[in-house]
Amino acid sequence: MIITIDGPAAAGKGTLASKLSKKYNLAYFDTGMVYRAVGLELMLAGISPEDVEKATDFAQKLTFQRMNELSHHSEFRSANGGKYASVVSSYPQVREALLQMQQNFAKNPVFADGSKADGAIYDGRDTGTVVCPHADVKLFITASPEVRAERRYFEFMSRGHQALYADVLEDIKARDKRDSERATAPMKPAEDAVIFDTSALTIDEVYQKAVKIIDSKQ
Ligand code: C5P
């Protein structure tokens with residue numbers, strides 16, 4: 001089984017994907033990681049995210065192993081890391097270079113310890129439309145920018161990062177705009193995706209709702 005969960009930043013995709021991956025024994029691919037990894041390569045090399053050529057070069061060379069190494073860096077999930085990721089993800093050449101790697105994951109889905117999974121679950125912006133257009137279940141999770149900024153703000157705080165709520169909100173709005181207005185693979189629900197707004201729902205309510213949808217499609 002392949003499940004895709006798309007939607008804007010901090011809508012709760014990652015939390016939901018982790019819970020569903022356990023319930024259905026699915027290997028989880030957080031596809032934002034590929035763009036964060038390319039963004040961080042640029043940041044570490046002191047190169048501007050506006051450098052399309054260098055960004056494409058890093059994207060073409062990215063491996064799973066390198067991505068996992070970079071994911072331990074403190075800037076990987078920082079606000080600045082998110083900004084770099086959002087900028088590099090708007091380049092069609094970068095997206096093209098990273099597509100195969102994402103699609104290959106579903107061909108032989110395995111957990112981090114190498115054991116075989118019963119399928120794959122993806123989260124991102126275009127996993128139901130571009131990465132896995134033939135997925136069995138597609139979800140599109142959203143929430144108001146204010147609710148998402150609050151969630152992201154508390155996430156930063158719990159990681160020991162400094163942030164201001166107003167800055168986080170502004171950043172979320174800028175990322176939404178960039179993600180949904182870019183020419184290649186813009187963030188949008190697949191035609192056959194089930195859309196739900198999590199603004200007024202608890203994590204457990206979102207999870208129960210998703211389980212019902214998945215079980216009804218199986
Ligand atoms: O989900 P996350 O915040 O980690 O993603 C980082 C950035 O990568 C997003 O702001 C978005 O611009 C980009 N992204 C994307 N397509 C995906 C996943 C993430 O463009 N499938």
Side-chain angles (χ1 to χ4, degrees), residues 2-18 28-43 49-50 52 55-56 58-59 62 67-68 70-106 120-133 135 138-143 145 147-149 151-156 159 161 163 167-190 193 198:
I2 297 176
I3 300 176
T4 59
I5 307 179
D6 290 306
K13 305 183 299 289
T15 309
L16 179 61
S18 299
Y28 170 34
F29 194 162
D30 164 6
T31 63
M33 287 178 71
V34 297
Y35 302 102
R36 285 182 183 269
V38 171
L40 185 54
E41 292 279 28
L42 292 169
M43 199 191 296
E50 309 296 332
V52 188
T56 308
F58 278 124
L62 188 70
M67 183 178 80
N68 287 329
L70 290 165
S71 71
H72 299 295
H73 194 283
S74 61
E75 290 293 345
F76 193 77
R77 299 245 169 236
S78 71
N80 206 23
K83 230 171 263 171
Y84 268 67
S86 175
V87 174
V88 301
S89 77
S90 67
Y91 306 141
Q93 305 92 311
V94 167
R95 302 197 75 86
E96 195 192 319
L98 296 167
L99 184 58
Q100 195 78 56
M101 179 181 172
Q102 296 173 76
Q103 290 180 326
N104 284 345
F105 184 77
I121 183 162
Y122 288 75
D123 89 33
R125 305 293 186 286
D126 64 340
T127 64
T129 50
V130 176
V131 180
C132 300
K138 299 178 186 177
L139 305 174
F140 190 89
I141 311 288
T142 186
V147 167
R148 289 186 286 120
R151 289 177 188 162
R152 202 29 68 93
Y153 171 77
F154 285 117
E155 191 186 316
F156 283 147
R159 286 210 180 96
H161 290 297
D167 292 346
V168 179
L169 178 59
E170 195 184 317
D171 180 56
I172 288 244
K173 285 182 175 168
R175 279 221 264 162
D176 284 359
K177 190 167 155 57
R178 239 190 326 257
D179 288 347
S180 52
E181 289 181 1
R182 66 175 171 238
T184 308
M187 173 179 68
K188 62 169 186 202
T198 69

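Just so you know, ligand 1 is whichever comes first in the structure, and atom 1 is the first atom listed for that ligand.
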Item to check | Full working for side-chain hydrogen bond (donor to acceptor under 3.5 Å, both in side chains) between T198 and R151 | outcome: CA-CA 12 Å; T198 69; R151 289 177 188 162; 3.2 Å; yes
Checklist outcome for this item: For ligand 1, protein residues within the heavy-atom limit of under 4.0 Å are T31, G32, Y35, R36, R77, A85, S86, S89, R95, G124, R125, D126, R175, D179, R182
Checklist outcome for this item: CE of M33 to CZ of R77, rounded to nearest 0.5 Å, is 6.0 Å
Next on the checklist: Against L139, only a single residue in I5, I121, D6 fulfils side-chain contact (heavy atoms from CB on, under 4.5 Å); can you say which?
Outcome noted: I5
Next on the checklist: So does G82 get a backbone contact from the side chain of S86, meaning a donor-acceptor N/O pair under 3.5 Å?
Outcome noted: no
Checklist entry - Hey, are K173 and E170 close enough for a salt bridge, meaning a charged N less than 4.0 Å from a carboxylate O? => result no
Checklist entry - Can you list every pair that meets salt bridge (charged side-chain N to carboxylate O under 4.0 Å, His left out) and has a residue in residues 82-99, with sequence neighbours left out? => result R95-D126
